[in-house]
S.K.: 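Structure incoming, see below.
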Amino acid sequence: MLTGKKIILGVSGGIAAYKMTDVASSLFKLGADCHVVMTKHAEKFITPEPFRILTKNPVYTDVFDDFHEEGYDVPHISLGRTADLILIAPATANVIGKLAHGIADDMLTTVVLPARCPILIAPAMNTYMLENPVVQENLEILRRRGYHIIEPASGMLACGDEGKGKLPDPEVLVEEVLYACEKEKDLAGKRFLVSAGPTQEAMDPVRYITNHSSGKMGFSVARMAARRGAEVVLVAGPVQLKTPVGVKRIDVVSAADMAEAVLREWKTADCVVMSAAVADYTPLEAADQKIKKKEGDLSIPLKRTTDILASLGKEKREGQVICGFSMETENLISNSLAKLEKKNADMICANSLRTEGAGYQVDTNIVTILTREGNTELPLLSKDETADRILDVIKEKLR
Ligand code: CTP
């Protein structure tokens with residue numbers, strides 16, 4: 001996904017520097033030409049060697065490390081000039097301060113000055129340091145100059161304090177890189193509404209009815225749409241997934257909550273992708289107290305929930321695109337085509353629970369995209385790749 005991209009990883013002196021080997025390794029595996037620049041203090045936490053091995057490139061620690069390559073090349077200029085993206089992580093208060101004020105007294109801060117590519121900064125420090133107005137002002141200066149500041153994570157810090165200031169997990173940093181530089185922003189200016197995950201229908205305060213949806217497919221659609229520049233609102237049922245970078249998330253529990261959120265957000269959307277596995281039935285009434293067991297069997301009356309997709313289909317405006325999903329165990333195409341018509345959708349992405357590599361929980365899918373113009377059968381793909389192909393069809397419809 002990052003083939004042909006030159007990425008500079010700037011590592012400064014925080015304890016989280018050791019996590020950056022995972023980031024370097026992931027970027028290399030994604031095809032990036034990754035060059036690590038370390039400060040002297042970073043070397044107190046990790047040596048350059050693992051980075052050199054993982055990226056297969058020289059690691060720069062000093063401005064006078066110059067002339068690594070053949071011919072006349074000055075890395076402290078050429079690295080920044082030729083980079084597609086710079087990620088500085090962890091970024092200490094010291095490095096942030098220097099960058100904000102144009103001080104270039106080491107290789108890392110020097111490389112940044114000639115760069116014209118996107119620059120991502122992941123601050124990592126103690127909460128009290130982070131909250132200090134001088135650090136906040138320096139971050140604001142960088143923001144104003146177009147740097148993207150990655151939100152620090154919260155939790156137990158190395159010094160023993162609890163709070164904000166942790167370096168986000170390596171996979172979050174990699175996703176930030178992908179978000180910033182992977183894609184052509186061909187969905188810029190479009191507003192996407194995506195639903196994902198199951199719903200939970202309460203029977204009483206301790207029990208609920210739900211299904212096996214993991215939310216992965218919908219999260220992939222939201223992630224890829226955001227990477228392609230769309231403004232994305234994701235309405236998510238109860239799932240254990242991290243919010244994709246650049247996506248606004250609304251958490252809901254029941255089918256009724258999901259209907260309320262989707263119908264509200266839909267008014268200003270250009271496109272909706274209903275990948276949520278919305279419950280079709282909910283208990284007629286949720287008991288206030290725990291239902292106690294008695295002799296004999298128990299029946300719980302259920303009532304129909306709102307069919308959200310069908311409601312959207314009824315109030316669709318000119319130019320809006322509606323994409324539904326269809327999960328079947330038999331007669332995949334005929335049942336899914338019936339949904340396309342009945343719900344007045346523009347597209348239905350049909351997937352079968354019976355096909356290996358497709359369906360709930362797994363990271364892959366096999367989807368057939370049904371439209372009134374015809375069907376497109378996608379092969380076995382990752383859910384991110386599947387999402388990308390679905391978005392290609394949506395993009396054509398949005399024209
Ligand atoms: N859907 C919805 N509201 C519901 C149920 C489903 O918006 N109450 C949407 C789903 O998000 C999906 C599409 O409708 O995009 C098809 O969902 P699916 O569960 O495959 O089919 P159903 O319409 O529920 O029909 P059936 O359960 O009979 O297959």
Side-chain angles (χ1 to χ4, degrees), residues 192-202 208-222 225 232-239 250-267 269 271-284 302-316 320-355 358-361 365-372 375 383 386-387 390-391 393-394 397:
F192 273 63
L193 172 60
V194 182
S195 72
T199 61
Q200 287 178 359
E201 309 304 315
Y208 54 78
I209 300 169
T210 190
N211 56 63
H212 294 294
S213 169
S214 61
K216 285 179 179 173
M217 191 63 240
F219 273 61
S220 286
V221 173
V232 183
V233 175
L234 172 64
V235 179
V239 292
I250 301 172
D251 284 310
V252 296
V253 177
S254 66
D257 299 339
M258 186 166 279
E260 204 262 321
V262 169
L263 293 168
R264 185 184 64 234
E265 295 293 328
W266 162 244
K267 294 192 175 65
C271 171
V272 67
V273 182
M274 279 296 297
S275 27
V278 190
D280 290 324
Y281 295 92
T282 190
L284 193 57
L302 303 175
K303 62 179 177 187
R304 278 288 305 272
T305 58
T306 305
D307 189 322
I308 306 170
L309 191 63
S311 308
L312 300 175
K314 278 187 200 126
E315 60 175 60
K316 184 164 75 154
Q320 283 182 310
V321 173
I322 297 184
C323 173
F325 267 74
S326 171
M327 172 62 80
E328 295 292 344
T329 53
E330 58 179 359
N331 306 323
L332 177 66
I333 301 300
S334 58
N335 283 348
S336 303
L337 274 173
K339 288 175 201 174
L340 183 75
E341 290 311 323
K342 204 166 141 205
K343 303 192 190 216
N344 192 27
D346 299 290
M347 303 163 53
I348 291 282
C349 302
N351 47 169
S352 166
L353 202 57
R354 296 272 185 251
T355 317
Y360 297 140
Q361 306 294 337
N365 210 348
I366 304 171
V367 161
T368 302
I369 304 173
L370 309 177
T371 67
R372 291 197 176 71
N375 305 348
K383 284 188 171 167
T386 303
I390 294 168
L391 292 170
V393 178
I394 292 175
K397 293 203 166 291

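Below, all heavy atoms of this structure are taken into account, side chains as well, without hydrogens, waters or symmetry copies. A quick note: this is a predicted structure, and the numbers were derived from the prediction, not measured. Throughout, numbering of the chain's residues begins at 1 and tracks the sequence. Order of appearance sets the numbers: ligands from 1, and atoms from 1 within every ligand.
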S.K.: For atom 28 (O) of ligand 1, find the nearest protein heavy atom and state the residue, atom name and distance (0.1 Å precision).
M.R.: D280 OD2, 4.8 Å
S.K.: Is the closest heavy atom of E328 to ligand 1 under 4.0 Å?
M.R.: yes
S.K.: Report, in ascending order of atom number, the atoms of ligand 1 lying under 4.0 Å from any heavy atom of A279.
M.R.: 8 (N)
S.K.: Any protein heavy atom at under 4.0 Å, with atom 20 (O) of ligand 1 as the reference point?
M.R.: yes
S.K.: Near L309, which atoms of ligand 1 are under 4.0 Å from a heavy atom of that residue?
M.R.: 2 (C), 7 (O), 9 (C), 13 (C), 14 (O), 15 (O)
S.K.: Under 4.0 Å from any heavy atom of S326, which atoms of ligand 1 are there?
M.R.: 20 (O)
S.K.: Counting only N and O atoms by type, is there a donor-acceptor contact under 3.5 Å from the side chain of E328 to the main-chain atoms of I333?
M.R.: no
S.K.: May I ask whether A277 places a heavy atom under 4.0 Å from ligand 1?
M.R.: no
S.K.: Pull out every atom of ligand 1 sitting under 4.0 Å from any heavy atom of A276, numbered as shown with elements.
M.R.: 10 (C), 11 (O)
S.K.: Relative to the heavy atoms of M327, which atoms of ligand 1 are at a distance of less than 4.0 Å?
M.R.: 20 (O)
S.K.: Tell me whether N335 reaches ligand 1 (any heavy atom closer than 4.0 angstrom to a ligand atom).
M.R.: no
S.K.: I'd like to know whether ligand 1 has K343 as a neighbour, heavy-atom separation below 4.0 Å.
M.R.: yes
S.K.: Taking 4.0 angstrom as the limit and counting only heavy atoms of T305, give me the atoms of ligand 1 inside it, by number and element.
M.R.: 8 (N)
S.K.: I'd like to check atom 14 (O) of ligand 1 in this structure: does the protein have a heavy atom lying under 4.0 Å from it?
M.R.: yes
S.K.: With heavy atoms of K339 as the reference, note each atom of ligand 1 found under 4.0 Å away.
M.R.: 16 (C), 18 (P), 20 (O), 21 (O), 25 (O), 29 (O)
